Amino acid sequence: MRFTIIICAVLVAYLTPGCKKQEYLYRDISSRIWLGLRTSSTNPNPFTDSAVTTFMLKPATAESDTLYIAANLTGKPAAIDLPFVLEVVKDSSNVSPADYTLGATIMPANSFVAMIPVIVKKNVPGLNLKKERAKLVFRFVPNEYFLNEQPNRNMFRLAWFDFLARPNSWSYIELFVGPFSQARYRFIIDVLGETQFDRYRGNLNLQLAVQASLRKALKDYNEDPANAGRPEGWPYLNDDGTPLTF
Amino acid sequence: MKKYTADIKTWIVALMATGSLLLTACHKDKGNYDYTELQDMYVNTASTGRAFIVKQFDTLKLKSNLVYNGDRSKLKYSWSAYFMVPNVNDNLADTLSTSEDLAVPIPYLPSKYYLEFTATDSTTGRRAAVRYEMTVESIGAGLLVLYEKDGKVDCDLIKTKLLEGLTPADEVVRNLYSLANPTVPLTGDALAIGAFNLSDVQYISLYTSNNGVAVSPADMVISKNFKDLFFLAPNTVKPQGYTAPLGFLTNDYEFSAGFEFLVNDGQLYSNMVIFAFGSESAFSLLAPATGNYKISPYPIFGGARIVVYDELSRGFLQGSPLGTTLSPYVSSTQGSPPFNFSNIGKDLIYLSYAFGGTYVCYGVFKNPVDNGARYVYMMDFLTSTARAVMDVSSLPNIAQARLFAFGVRGPLIYYAAGNKVYQIVFDPATGTASQGIDAWPFIPANEEITCIKMCPHPGRNVSESALDKYLMVGTYNNSTGMGKVYMLQANITSGTLQAQPAAVYEQFGKVKDIAFKF
């Protein structure tokens with residue numbers, strides 16, 4: 001009997017750890033993270049390491065907007081969500097933590113990409129977003145789950161402001177619509193609803209079409225007396241106060 | 001404790017009992033069922049074979065050849081088709097019919113398909129099936145005929161040996177548009193049809209008085225709706241004229257010249273497809289920088305310029321193919337009598353390419369002030385030269401004529417009024433018209449001519465060029481609601497039309513336009 005009791009005690013002692021909640025001890029040293037958003041579905045390059053928004057293209061009532069940081073996994077995805085760390089690069093940023101809200105920095109289970117939301121505010125004390133940009137730069141910091149992929153791909157830059165900035169793709173239409181100006185861009189957005197112009201690259205057909213359409217729209221605007229007194233001017237004015245042309 | 005041991009007798013009894021139990025497994029199970037004899041149920045393909053070729057849009061008729069002596073009212077049928085080689089992007093699987101015998105048009109893209117017939121007894125689940133190999137061939141080249149019928153606009157394709165020498169026999173493929181787009185009918189007055197072909201950019205355009213679409217030449221399915229044809233779609237949908245010059249301007253008749261023009265609600269839209277370099281292209285507005293205007297439905301590409309007639313100023317406007325505005329077209333005034341393109345002062349009835357040079361055009365005008373006298377203006381838009389003005393007011397029924405056709409290889413001018421086709425005999429050197437003759441008095445009185453056009457294509461694999469060789473005459477019989485297309489052979493020099501038509505095709509509606517499909 002005494003022997004039986006001893007045996008049972010030993011078995012219970014062995015089984016007791018099974019009641020303890022399991023803690024994953026996961027570390028795959030091949031798992032790395034780099035920051036950047038691929039701009040092509042077929043080519044790993046190019047990618048962009050920044051996200052920009054302007055409140056000029058948002059409803060007037062919008063007080064905040066959401067930008068996304070793209071974190072990419074190189075290596076084997078884990079079966080569970082795993083946290084990673086982003087830190088603010090203070091030397092390159094000009095906002096305070098009160099001016100934005102960083103979402104949870106987690107690489108989802110079985111995923112190669114995490115899109116981390118960052119809610120940015122239209123009103124940033126100390127900055128006039130009508131004239132200058134709010135800048136916020138994050139750097140990836142290795143932790144126990146993820147190493148850094150490449151030193152030149154460990155930063156992601158966010159910027160927001162309340163004016164119209166020249167998009168890079170403006171160069172594809174510049175010959176046909178003229179040099180960038182806030183008024184010209186505003187007019188194009190109002191007429192075409194387009195803020196990016198990549199589809200015009202190397203397409204003379206569309207480049208002529210955009211010019212013809214804008215000329216017609218400007219002519220219609222300038223010939224309509226109902227536009228008298230509008231803040232855009234009548235005739236429609238460019239940034240320097242002269243009549244807008246295309 | 002007493003140890004139990006069995007004696008040998010007990011063992012033998014136990015073994016026999018076990019053995020007898022096991023032996024029951026050897027008993028044949030005769031069951032307790034009511035068996036009935038199964039009816040034959042199979043598809044007999046001995047007479048049909050298992051592979052066949054069908055032309056796109058042809059109606060495929062195939063009997064099921066199902067052998068079954070049971071109750072056929074309980075059978076459900078299915079004819080389905082799918083690609084022989086599955087396509088990752090477009091793995092068609094389509095039920096063609098649920099009738100026992102197949103009789104449906106085949107709208108699929110040219111390719112190889114499996115066609116599967118299945119008959120299933122809905123009560124027992126028993127079924128018979130057979131799989132055929134079906135090759136769908138392209139409808140190929142021919143003449144697209146745009147017509148109105150039963151309140152809708154549709155098009156047929158005439159496959160004719162006159163234009164494609166390798167065509168085994170003339171045939172007409174019917175209802176191309178409506179079969180491919182059954183839920184998007186075209187209505188209104190049929191206006192124009194054209195087949196655009198510039199390298200990999202290929203589409204067929206159909207315009208009516210209240211709509212316009214581009215369809216794929218492969219399956220005739222809509223690729224662009226009206227608003228998608230434009231960079232910025234106009235608010236008013238009112239197509240009035242469409243032109244997509246053939247490559248004859250560069251002596252390449254298999255391809256379009258690279259651009260197309262559309263007049264919608266009195267405004268000109270140009271689509272310089274050639275400048276898109278194979279990418280996205282669209283119609284965009286080409287308008288005068290200032291002032292009111294109303295563009296006539298006959299835009300012309302005149303070499304280095306786009307030329308249109310403004311019905312308000314009664315003069316021609318021009319624009320650069322690389323420009324976005326129209327301006328008055330000031331020309332040489334050396335014509336006989338001299339005239340200036342920007343000040344014709346008459347109403348344009350018809351304008352098209354004609355004999356005398358690559359960009360020579362004739363325009364038929366009505367004078368708005370002297371009892372509507374009719375004139376033919378001869379103009380060279382390449383050199384901006386006014387050539388001549390012919391007064392044709394005295395020609396028979398010219399005042400009633402709305403339909404005209406000009407030859408580009410010879411001095412041919414035809415016009416139609418009622419059921420008559422007339423030829424204007426004229427001297428292109430002096431610009432004088434000697435007479436108008438009843439050129440083909442054989443169209444029945446109950447038919448009205450609704451379209452005349454010179455064949456714009458030289459043909460393929462034909463012994464001599466078909467370009468300008470045939471005057472295509474579309475007609476409509478109001479009492480029967482049916483139309484015809486007459487192919488009349490023209491003498492390229494004298495313009496005389498042979499009494500015997502080269503071909504006559506029937507069973508259309510009111511024919512409004514004809515175009516060559518590549």
Side-chain angles (χ1 to χ4, degrees), chain A residues 39-43 167 169-179 184-227 234-236 238 242-246, chain B residues 89 196 198-201 203 224 227-236 244 256-262 264-293 295 305-306 308 317 319-327:
Chain A
T39 55
S40 166
S41 59
T42 56
N43 187 348
S169 55
W170 186 273
S171 59
Y172 304 142
I173 60 170
E174 184 156 1
L175 187 63
F176 299 87
V177 304
R184 190 168 273 134
Y185 193 21
R186 174 89 264 172
F187 190 84
I188 292 173
I189 292 168
D190 288 345
V191 173
L192 304 180
E194 296 181 60
T195 58
Q196 298 294 326
F197 308 102
D198 298 276
R199 73 180 179 125
Y200 297 89
R201 184 180 185 181
N203 189 329
L204 187 53
N205 179 290
L206 294 188
Q207 289 166 336
L208 289 169
V210 74
Q211 184 185 54
S213 301
L214 294 172
R215 283 179 171 172
K216 169 69 164 51
L218 184 62
K219 176 172 174 276
D220 291 346
Y221 178 93
N222 289 340
E223 290 179 351
D224 186 356
N227 291 319
W234 190 62
Y236 204 105
N238 207 341
T242 60
L244 184 66
T245 58
F246 286 104
Chain B
N89 297 318
F196 193 92
L198 183 69
S199 190
D200 292 334
V201 182
Y203 49 86
K224 283 185 177 179
K227 66 178 178 57
D228 300 324
L229 297 169
F230 298 85
F231 183 79
L232 271 184
N235 293 326
T236 303
S256 303
F259 32 82
E260 55 181 352
F261 307 107
L262 174 68
N264 182 79
D265 193 29
Q267 294 188 310
L268 173 67
Y269 294 83
S270 71
N271 184 9
M272 310 304 289
V273 182
I274 198 167
F275 294 155
F277 310 111
S279 298
E280 170 190 5
S281 69
F283 281 111
S284 66
L285 184 66
L286 202 57
T290 58
N292 293 325
Y293 64 98
I295 302 299
R305 59 183 60 83
I306 298 163
V308 288
L317 305 174
S320 164
L322 288 167
T324 55
T325 55
L326 295 170
S327 57

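Residue numbers start from 1 in every chain, and the chains themselves are labelled A, B, ... in the order their sequence lines are given, proteins ahead of strands. Remember, predicted model here, so these are calculated numbers, not experimental data.
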Name every donor-acceptor pair, under 3.5 Å, that has one atom in a side chain of residues 190-198 of chain A and the other anywhere in the protein, sequence neighbours excluded.
| residue | atom | partner | partner atom | Å |
| --- | --- | --- | --- | --- |
| A:Glu194 | OE1 | A:Arg199 | NE | 3.2 |
| A:Glu194 | OE1 | A:Tyr200 | OH | 3.3 |
| A:Glu194 | OE2 | A:Arg199 | NH2 | 3.0 |
| A:Glu194 | OE2 | A:Tyr200 | OH | 2.8 |
| A:Gln196 | OE1 | A:Ser169 | OG | 3.2 |

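Under the 4.5 Å side-chain criterion, counting only non-hydrogen atoms from C-beta, B:Ile274 is not in contact with A:Leu204.
The closest donor-acceptor contact from the side chain of A:Asn205 to the backbone of B:Asn271 lies at 3.5 Å or more, if one exists at all.
Heavy-atom distances place no part of B:Ala287 under 4.5 Å from chain A, backbone and side chain included.
In terms of heavy-atom pairs under 4.5 angstrom with chain A, the leader among B:Leu285, B:Val273, B:Thr325 is B:Leu285. Interface summary for chain A: among B:Gly278, B:Ser270, B:Ser279, B:Ala289, the most heavy-atom pairs under 4.5 angstrom belong to B:Ala289.
Summarising the geometry, atom CZ belonging to A:Phe176 is positioned 9.5 Å from atom OG1 belonging to B:Thr324; distances are rounded to the nearest 0.5 Å. Here NZ of A:Lys216 is found 9.5 Å from CG of B:Leu232. Values are rounded to the nearest 0.5 Å. Rounding to the nearest 0.5 Å gives a distance of 10.5 Å between CD of A:Gln207 and CZ of B:Phe231.
Scanning both residues, A:Leu208 and B:Phe275, for their nearest heavy atoms gives CD1-CD1, 4.0 Å.
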